Amino acid sequence: MSTDKITCLLNWHATPYHLPLFLADKLNYFTEEGIKVAILEPNNPSDVTEIIGSGKVDLGCKAMIHTIAGKARGFPIKAIGTLLDEPFTGVVYLESQSGITTDFQSLRGKRIGYVGEFGKIQLDELTKHYGMVPADYTAVRVGMNVTGAIIRGEIDAGIGLENVQMVELEEWSVLQGRSRDDVKMLRIDELADLGCCCFCSILFIGNETFIHNNPEKVASFMKAIKRGADYMFANPAAAYELFVEMKPHMDSVVNRKIYQRSFRYMSRDLKNVQRDWDKVTRYCKRLEIVNDSFVQNMTNEFLTWPMQPDTPAGFIHPTIDTGVLAKCGCERGADLRGPVAAVEA
C-alpha cells in the first residue's frame with residue numbers, strides 16, 4: 001500500500017531535544033506547508049542510517065559522525081540541516097564508586113560502555129592516543145542504555161551526552177542520597193585535542209534519492225521544522241507542555257531537566273555548520289572511518305531563511321532558564337519518572 005506521507009525516523013526514542021519536530025506536527029506546520037509526516041522511533045539506533053540509506057524511510061535524525069560514517073559505508077544519505085549543536089560528549093562515570101579520576105590512565109582495567117561500532121573505534125583511538133591498547137580496558141556494547149548499565153553495575157563508565165545521560169545519572173544519584181557532583185565526564189573533545197565536541201551534533205538526514213526526487217517536499221519539511229524551532233525559542237515552557245500532550249511520559253523531572261540542559265544547544269537556524277563539518281571530517285579521517293577522497297554529504301540548500309553568523313570557535317552557550325522546571329515543582333522534590341526509573345525496571 002502506497003502513501004504520500006513523508007516518513008521521518010528519529011535517532012532513538014522521542015527525547016526532549018526532538019521538540020521542534022514534534023511541534024511542527026502538533027501545531028499543524030507540516031500540514032500548512034503542504035506535506036504529511038509520520039514520525040517513527042527505531043528499536044535500535046544503530047539501524048537508522050541503514051534504514052534511511054536503503055530507502056525504507058525518507059528522512060530522519062542522526063549524529064554527525066554516524067552520518068559521515070554511514071556515507072563512507074555506502075549508504076546514500078545526506079544531511080539537510082541541524083537539530084542540536086555540539087552537546088558535550090564523553091566518558092561518563094560516578095566518581096564515588098568507579099575508581100575513575102580526571103586522569104585518563106584511570107580507565108585502565110575498567111569496563112567502558114559504548115553505543116555502536118564507532119564508539120568502540122573512538123575508545124580504541126583514545127587509548128592509543130594515551131599510550132594504551134584496547135586490552136587495557138573492557139569495551140561493553142550497551143547501545144543507548146549507558147545510564148542503566150552504570151546504575152546496574154554492568155560497566156564502570158560509558159560514552160554519553162552532558163544533556164542526557166549525565167542528567168539521568170545526576171537525578172538517580174540524588175535519589176541515592178549522593179550529590180549530583182558525583183557524576184563526572186571525561187570529554188572526548190578535550191581528551192582527543194579536537195577543539196570541538198560537534199561530532200555528536202544531531203542532524204536531519206535523508207535518503208539521497210528521496211531528496212533528489214522531492215526537493216519541494218524536503219524544503220517544506222525543513223520550513224515546518226524551522227517554524228517549530230521558532231515557536232520553541234519564543235515560548236520554551238509552553239512548547240514543552242505541548243510536547244507533554246503528545247508524549248505524556250515527558251512530564252517527568254528527568255525529561256524536563258534534559259530539555260532545560262539541551263535548550264542551549266538547539267540550533268536556531270538549522271544550518272549545517274561548515275566549520276564543524278570540517279572538524280569532524282578530519283576526526284573521521286584520524287579514526288580511519290573515511291579517507292582523503294571523502295566528499296562531505298551535507299547541504300543547506302533547503303534552508304530558505306537568513307543564516308545566523310557562526311559562533312566563535314570554542315564558544316560555550318550559556319544555560320537558559322526555560323521555565324519548564326517550575327511547572328513540575330522540580331525544586332520541591334517531585335517524583336522521579338522517565339528514563340532512570342525505566343532502566344531500573
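If you're wondering where the values come from, they're calculated on a predicted model, not measured in any experiment.
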Considering only heavy atoms from C-beta outward, does the side chain of [X] approach that of [Y] to under 4.5 Å?
X    : Y    : value
Q122 : I65  : yes
E170 : R261 : yes
V92  : V183 : yes
H212 : K78  : no

(message) Taking ring-ring contact (aromatic ring centres under 6.0 Å, His included) as the cut-off, I'd like each qualifying pair that reaches into residues 94-117, sequence neighbours left out, listed once.
(response)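 Residue pairs passing ring-ring contact (aromatic ring centres under 6.0 Å, His included), neighbours aside: F104-Y130.
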
(request) Give every residue pair that meets the ring-ring contact (aromatic ring centres under 6.0 Å, His included) criterion with at least one member in residues 133-162, sequence neighbours excluded. (result)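 Listed by first then second residue: nothing to list.
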
(request) Under the ring pair (Phe, Tyr, Trp, His ring centres under 6.0 Å) rule, collect the residues that match up with Y240, sequence neighbours excluded. (result)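 So Y240 forms a ring pair (Phe, Tyr, Trp, His ring centres under 6.0 Å) with F243, Y259.
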
(request) Kindly write out the residues that satisfy ring pair (Phe, Tyr, Trp, His ring centres under 6.0 Å) with F75, not counting sequence neighbours, or none if the list is empty. (result)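 Not a single residue meets the ring pair (Phe, Tyr, Trp, His ring centres under 6.0 Å) criterion with F75.
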
Which atom pairs, one a donor and one an acceptor, fall under 3.5 Å between side chains of residues 287-294 and the rest of the protein, sequence neighbours left out?
| unit_1 | atom_1 | unit_2 | atom_2 | d |
| --- | --- | --- | --- | --- |
| N291 | OD1 | S293 | N | 3.0 |
| N291 | OD1 | S293 | OG | 2.5 |

Donor-acceptor under 3.5 Å ([X] side chain, [Y] main chain):
X    : Y    : answer
T322 : A237 : no
N255 : D251 : no
T89  : P87  : yes
D136 : V133 : yes
N163 : I258 : no
T101 : D103 : yes
Q165 : L161 : yes
R180 : V174 : no

(request) List the steps and the verdict of side chain to side chain donor-acceptor pair (under 3.5 Å) for D85 and S201. (result) CA-CA 5 Å; D85 284 316; S201 294; 4.6 Å; no

(request) Just say parallel, tilted or perpendicular for the rings of F204 and F221, cut-offs at 30° and 60°. (result)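 Perpendicular: the ring planes of F204 and F221 meet at over 60°.
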
(request) Using side-chain hydrogen bond (donor to acceptor under 3.5 Å, both in side chains) as the criterion, point out the one residue from D310, T82, N300 that pairs with K271. (result)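 The side-chain hydrogen bond (donor to acceptor under 3.5 Å, both in side chains) with K271 is passed solely by D310 among D310, T82, N300.
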
(request) State which residues pass side chain to side chain contact (heavy atoms under 4.5 Å, CB included) with S54; sequence neighbours excluded, sorted by chain then number. (result)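 Residues passing side chain to side chain contact (heavy atoms under 4.5 Å, CB included) with S54: K56.
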
(message) Please find the pair of heavy atoms, one from R264 and one from F88, that lie closest to each other, and give the distance.
(response)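 That would be NH2-CE1, 3.9 Å.
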
